[in-house]
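Residue numbers run from 1 in the order of the sequence given.
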Amino acid sequence: MACKAMHQLLFLVFGLLTFNVVSVAFGYRRSGVPFKVHKAVVIQKESLVQQRAGSPETVSAQCTEWDVIVTINPDLLGIQHPVQASDLSVGGCGVTSQTPTAFVIEAPLQGCGSTVMMLTDEMVYTFTLDYIPSPIPGIPIIRTNPAVVQIECHYPRNHNVSSNALNPTWVPYTSTISAQDVLGFSLIIMNSDWSGPSSSNVFYLGDLINLQASVDSTNHVPLLLFVDNCVASSASNGSAPIYTFIGNNGCFTDSKVTGSNSQFITPRIAPSILQFELDAFRFYGVATSSVFITCRLKVTLASQAIDNLNKACTYITGLSQWTSVDGSNQVCSCCDASCATGQKRRIEMARRRPGRSVKTTPVEWEKTLVVGPLFLEGKHHPAVSEHLTATEEKPAGSFMLFLGSMLVVLALTCSAFLLYLLYQKPQISN
């Protein structure tokens, strides 16, 4: 009996040792969930004011299944002026740990101002590392310039990324059903002809910013996408004032409040895509030109009729009326009031009726996304100014040339006349 117990104990110890070795070999975390590193890309901005910011010597990133781990060299700009930890952030999330030689920021994939873009064979999460220098305590000067470094995490499309790591001992049937409802929402800044994503995040006052919201509904029933709400802010951490330009469940209020050219694009190119144009603006009294845009997207079944809570409406100033992208302008009549009030009252009445069930939007069918920072600058036309200046200078130059010529002719005439008088005087004397 003692020998049998000893064998069982040795077997248990051997099993534990084997598990630990395998865990280390395959990268298991303490929680038992596998730790897998994915492709990380650090993009250095082409700007002289940033010096070395974003180079491999100053910024590196590691993308896991849950978060991105950004490591920053204190000499971020490469000018022998160490930056302060409090001046670094990724989408508003600050430094989580530091050593004498590095600062570390751990940002969750679906937080800290991240944006996600669905490509054919991969998902790309984009983060922005911001360095905003603060004044030296007691001295109103700074010796470094702000810097922005873009970080991308690339994941294959057949890989499941989740912000909440689960480690079930068995997979229930309900989990399989729920996985089919996970939708890939995206919000992208497009170029001027809508042919692809914009290569620049700098815009000028008077420009129209093209944005495209979409949802990947692969292996799903047809869905209709809506932009429920959009706000703009000069900061991504909620510390700055916000401006709501789409509200009231899909009303493009900016087009009416400011008389701008902002609008939803009609017709749709697909039920799962909604494009819209935002007339560029800057925040008054704010020194920074950066703007972050936060939008809440949602979908309904394409077979479901649009209503006050699910719509896309633009105010047409010339017609003094709201119009719907999907053709039913009647659903836009509440845009000047509160669209949710009447609909909520009808839902509440339906719930009170016996035997009646009320359909609610699944949580997985809504998503809040952030794009930015965009940089808004004042409009500048140097070529036009130079052309106008040259055009204005031509008449003045011609007039001066004409006046000079007349003076020369007059001087020559006077000289000839005086010579004539001097020549005639001796003859008169004789």
Side-chain angles (χ1 to χ4, degrees), residues 68 89-94 107-118 123-130 132 148 150-152 163 183-190 197-198 201-203 207-215 225-255 257-258 260 262-264 273-284 286 288-299 309-314 339-340 361 363-376:
V68 58
S89 66
V90 172
C93 299
L109 286 182
Q110 299 182 11
C112 297
S114 68
T115 60
V116 61
M117 182 168 59
M118 307 290 291
M123 292 194 310
V124 181
Y125 284 82
T126 303
F127 298 82
T128 301
L129 169 63
D130 293 299
I132 304 176
V148 177
Q150 184 173 310
I151 298 168
E152 294 180 352
S163 59
L183 302 173
F185 290 90
S186 69
L187 181 63
I188 305 173
I189 303 172
M190 304 291 287
S198 174
N201 62 345
V202 177
F203 296 88
D207 288 348
L208 288 175
I209 304 172
N210 294 342
L211 293 110
Q212 177 172 290
S214 62
V215 61
L225 177 75
F226 297 98
V227 178
D228 196 59
N229 175 274
C230 277
V231 299
S233 176
S234 59
S236 61
N237 56 6
S239 61
I242 65 171
Y243 170 58
T244 301
F245 58 89
I246 297 177
N248 212 357
N249 303 110
C251 300
F252 215 136
T253 52
D254 180 69
S255 57
V257 173
T258 66
S260 68
S262 301
Q263 63 174 340
F264 287 113
I273 297 176
L274 184 59
Q275 299 173 326
F276 56 102
E277 296 175 327
L278 176 62
D279 214 332
F281 62 87
R282 290 185 62 178
F283 284 94
Y284 177 76
V286 177
T288 178
S289 64
S290 63
V291 172
F292 293 85
I293 295 176
T294 304
C295 294
R296 184 171 68 248
L297 314 182
K298 66 180 180 181
V299 293
L309 299 183
N310 304 289
K311 62 187 184 301
C313 299
T314 300
C339 295
T361 303
V363 176
E364 297 82 3
W365 287 22
E366 296 183 356
K367 184 72 173 180
T368 298
L369 299 176
V370 181
V371 294
L374 310 180
F375 296 97
L376 281 301

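Between Q110 and K367 there is a side-chain heavy-atom pair separated by less than 4.5 Å. Inter-residue side-chain proximity for E277 and S262 is flagged as unmet; no heavy-atom pair is nearer than 4.5 Å. Counting only heavy atoms from C-beta outward, the side chains of I293 and Y243 never approach each other to under 4.5 Å. Residues V68 and Y125 fail the side-chain proximity criterion, which asks for heavy atoms closer than 4.5 Å. Two residues are said to be in side-chain contact when any heavy atoms from C-beta on lie closer than 4.5 Å; I189 and N210 fail this criterion. Between L129 and V148, the closest side-chain pair of non-hydrogen atoms is not below 4.5 Å.
Considering L369, V231, V371 as possible partners of T294, the one that fulfils the side chain to side chain contact (heavy atoms under 4.5 Å, CB included) test is V231.
Judged purely by atom type and a 3.5 angstrom limit, S290 uses its side chain to pair as donor or acceptor with the backbone of S234. Under a 3.5 Å cut-off, the side chain of T314 and the backbone N or O of F264 do form a donor-acceptor pair. Checked by atom type and distance alone, the side chain of N201 pairs as donor or acceptor with a backbone atom of P373 at under 3.5 Å. Under the 3.5 Å distance criterion, the side-chain polar atoms of T253 are matched with a main-chain donor or acceptor of F245. For the pair S233 (side chain) and A235 (backbone), a donor-acceptor distance under 3.5 Å is present. In terms of modelled atom types and a separation under 3.5 Å, the side chain of S255 and the main chain of S260 share no donor-acceptor contact. The main-chain N or O of I246 is never found under 3.5 Å from a side-chain atom of T244 such that the two would form a donor-acceptor pair.
The shortest heavy-atom contact between V90 and A107 is CG1-CB, 4.2 Å. Closest heavy-atom contact between L225 and L274: CD2-N, 4.0 Å. Across all their heavy atoms, L297 and S186 have their closest contact at CD1-O, 3.6 Å. For the residue pair D228 and K298, the shortest heavy atom distance occurs at OD1-NZ, 3.0 Å. Listed here is the closest heavy atom pair of N229 and G247: ND2-CA, 4.0 Å. Residues M118 and F185 approach most closely at CG-O, 4.5 Å, considering heavy atoms.
For the atom pair CZ (F127) and SG (C93), the distance works out to 9.0 Å, reported to the nearest 0.5 Å. Distance check, rounded to the nearest 0.5 Å: CD1 of I132 to OG of S89 gives 6.0 Å. Distance check: I242 CD1 to F292 CZ gives 14.5 Å after rounding to the nearest 0.5 Å. The structure places OG of S214 at 5.5 Å from CD1 of I188, a figure rounded to the nearest 0.5 Å. The distance from the CE atom of M117 to the CE atom of M123 is 12.0 Å, given to the nearest 0.5 Å. A distance of 5.5 Å separates CD of Q150 from OG1 of T126, quoted to the nearest 0.5 Å.
In this structure, cysteines C251 and C339 have SG atoms that are not closer than 2.5 angstrom.
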Handout entry: Test log, rule side chain to side chain contact (heavy atoms under 4.5 Å, CB included), inputs F203 and F375
Key = CA-CA 6 Å; F203 296 88; F375 296 97; over 6 Å; no
Practice task
Show the numbers, then the answer: is there a side chain to side chain contact (heavy atoms under 4.5 Å, CB included) between Q275 and L211?
Solution key: CA-CA 6 Å; Q275 299 173 326; L211 293 110; over 6 Å; no
Exercise for the section: Please assess T128 against I151 for the test side chain to side chain contact (heavy atoms under 4.5 Å, CB included), listing each intermediate value before the final yes or no. Expected result: CA-CA 6 Å; T128 301; I151 298 168; over 6 Å; no
Practice task
Check step by step if side chain to side chain contact (heavy atoms under 4.5 Å, CB included) holds for I209 and L374.
Solution key: CA-CA 10 Å; I209 304 172; L374 310 180; 4.1 Å; yes
